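Here is the structure we will look at, set down as structure tokens.
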Amino acid sequence: APNNNRNPDGITIYNHCKSRTPPAHFYTQPPPTAILQYSAAVVQAAMASSAGDPLLPGEPPHRRRFLPPSIRLKTSVWSELGGAVGDLGTYIPIVLALSLASHLDLGTTLIFTALYNFASGVLFGIPMPVQPMKSIAAVALSSAHLTVPQIMGAGIAVAAILLFLGATGLMTRLYRVLPLPVVRGVQLSQGLSFAFTAVKYIRYDQDFSRSSSASTSVERPLLGLDGLLLALAALLFILLATGAGDDDDSAINGADGRAATRRRSCGRVPAALIVFALGLVLCFVRDPSIFRGLRFGPAPLGLVKITWEDFKIGFWQAAVPQLPLSVLNSVIAVCKLSSDLFPEQAELSPARVSVSVGLMNLVGCWFGAMPCCHGAGGLAGQYRFGGRSGASVVFLAMGKLALGLVFGNSFVTILGEFPIGILGVMLLFSGVELAMASRDMGSKEESFVMLVCAGVSLTGSSAALGFIAGVVLHLLLRLREVDCGELVGRLRARRYRWLP
């Protein structure tokens with residue numbers, strides 16, 4: 001290894017590889033030996049830059065001894081910070097709407113989701129997101145208007161089922177037998193749904209006191225601190241800085257010299273972090289009086305009193321529609337997407353992801369934290385804006401924990417002034433990134449199943465309905481390939497075999 005004192009020649013060659021200049025004794029050794037040594041060092045240098053080598057610039061080697069491998073930087077700190085805020089376009093509207101309409105304690109939710117983020121980053125080693133359960137939030141904000149104990153009861157019910165499926169291995173079996181086109185259809189429908197919602201955020205004013213997607217008929221003004229021009233400027237800035245999200249090493253190395261340098265420089269800009277920081281500054285500019293509404297200190301923790309009636313209402317009205325979405329999008333789609341985005345890592349275990357969702361809600365929901373799960377959309381968003389390791393969500397956990405401990409529930413007054421158009425822009429890129437995961441369908445038949453699954457999911461606003469339609473369609477297409485004559489012959493042979 002380059003940092004091994006027992007191989008001084010390897011150290012010398014490795015250091016020269018940074019400038020791509022062979023050392024002097026390269027020319028004095030036999031050609032095969034010199035070529036092998038230099039080639040091996042080049043490979044080590046490439047692996048160091050892409051997989052988080054101890055000699056990564058900007059990260060002293062002595063600091064890495066105390067860090068678990070799962071949260072060691074694979075890119076720069078700024079890239080991981082940019083990825084940390086990549087899923088806030090989904091997180092903030094739902095949490096803000098529940099805090100305003102259902103009196104959810106934002107401080108408690110921030111603290112517990114920070115703990116979830118930290119544990120997810122350490123355990124999984126990728127920017128694993130933690131997002132509110134969307135179906136439960138939608139029911140809570142609808143005409144049913146669930147109370148906080150009923151919301152927590154629904155979260156505990158979903159968590160118990162997912163924990164059972166993961167601990168018994170049933171989730172892993174479902175993951176293995178599920179056709180890939182059906183999973184891609186669920187991902188495509190979820191990504192397009194995010195994109196449609198993002199466009200509404202950008203074009204129309206929102207009333208989050210009624211719903212996380214309560215678009216009014218009033219179009220967003222062109223100018224102003226939350227105007228259409230601001231949202232378009234944020235969109236243009238992110239697009240110029242990150243492009244289509246394909247600025248990886250292979251794409252950059254394939255470009256010419258100047259283009260590669262320009263794209264590499266733009267890729268170092270934490271576009272999402274800058275846009276989000278701008279939004280926070282504009283919160284205080286739009287309403288300076290929010291300084292007076294801030295209260296310092298964490299919200300007091302206490303157990304939520306959940307009656308049996310709360311469990312029943314929460315289960316039938318919120319947990320039942322949430323369960324298919326959690327199984328498909330929070331576990332199966334996340335595992336599939338992680339293998340696409342991080343092919344160099346071992347594939348995520350569906351059982352571990354399912355148990356993770358179950359455990360974190362079985363703890364947090366009793367204290368009033370919003371029921372949460374992992375999500376393919378959040379993973380796509382954090383990857384899109386630079387997250388490549390568990391360090392990304394650990395940085396996010398530190399920010400959430402600080403806000404929850406310092407401001408508590410009063411932080412909702414700040415989020416209430418956040419420019420919704422900026423959230424729409426961030427959500428748009430996350431949705432498009434998730435939808436693009438479905439571009440690997442290699443045949444017309446697979447694309448047909450995927451598109452039908454996505455279309456039914458979007459039309460019926462139900463991932464479960466699209467999932468059932470996709471599975472049935474896949475089985476029918478497989479049935480066309482069965483040779484009925486051969487099947488009948490086998491059945492007759494088996495029947496005669498058992499005759500006396």
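In this text the structure is predicted, and so the values were computed from the model without any measurement.
- For the residue pair Arg388 / Ser79, no side-chain donor-acceptor distance below 3.5 Å is found, with atom types taken as modelled.
- Judged by distance alone, the side chain of Asp87 and the main-chain N or O of Gln131 form no donor-acceptor pair under 3.5 Å.
- In this structure, CH2 on Trp366 lies 12.5 Å from CG on Asn361, to the nearest 0.5 angstrom.
- Listed for the Ser392 side chain is a donor-acceptor partner under 3.5 Å among the backbone atoms of Ala84.
- Residues in residues 90-102 take part in these side-chain hydrogen bond (donor to acceptor under 3.5 Å, both in side chains) pairs, two or more places apart or across chains: Tyr91-Thr113.
- Here the side chain of Gln382 pairs no donor or acceptor atom with the backbone of Ala380 at under 3.5 angstrom.
- In this structure, the side chain of Asp105 does not engage the main chain of Asn409 through any donor-acceptor pair within 3.5 Å.
- A donor-acceptor pair under 3.5 Å is formed between the side chain of Ser189 and the backbone N or O of Val186.
- Looking at Glu80 and Ser389, their side chains do bring a donor and an acceptor atom within 3.5 Å of each other.
- Dense packing is recorded around CZ of Phe407, with more than 12 heavy atoms of other residues, nucleotides or ligands lying under 6.0 Å away.
- A distance below 6.0 Å separates the ring centres of Phe276 and Phe418.
- Contact detail for Ile202 and Gly421: the closest heavy-atom pair is CG1-O, 3.9 Å.
- Residue pairs meeting the ring pair (Phe, Tyr, Trp, His ring centres under 6.0 Å) criterion with at least one partner in residues 320-356, sequence neighbours excluded, are Phe342-Tyr383.
- Geometrically, Lys400 does not engage Tyr116 in a cation-pi contact, judged by NZ or CZ lying under 6.0 Å from the ring centre and within 45° of the ring axis.
- Between the side chain of Arg220 and the backbone N or O of Tyr201, at least one donor-acceptor pair lies under 3.5 Å.
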Where do Thr242 and Arg384 land on the side chain to side chain donor-acceptor pair (under 3.5 Å) test, with the steps shown first?
CA-CA 8 Å; Thr242 64; Arg384 177 64 173 77; 2.8 Å; yes
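- For residues 183-195, the pairs satisfying salt bridge (Lys or Arg N to Asp or Glu O under 4.0 Å) are Arg184-Asp340, Arg184-Asp440, with sequence neighbours left out.
- Here the straight-line distance linking atom SG of Cys283 with atom CG of Leu415 works out to 7.0 Å at 0.5 Å rounding.
- Rounding to the nearest 0.5 angstrom, the gap separating the CD1 atom in Ile92 from the CG atom in Leu427 is 11.0 Å.
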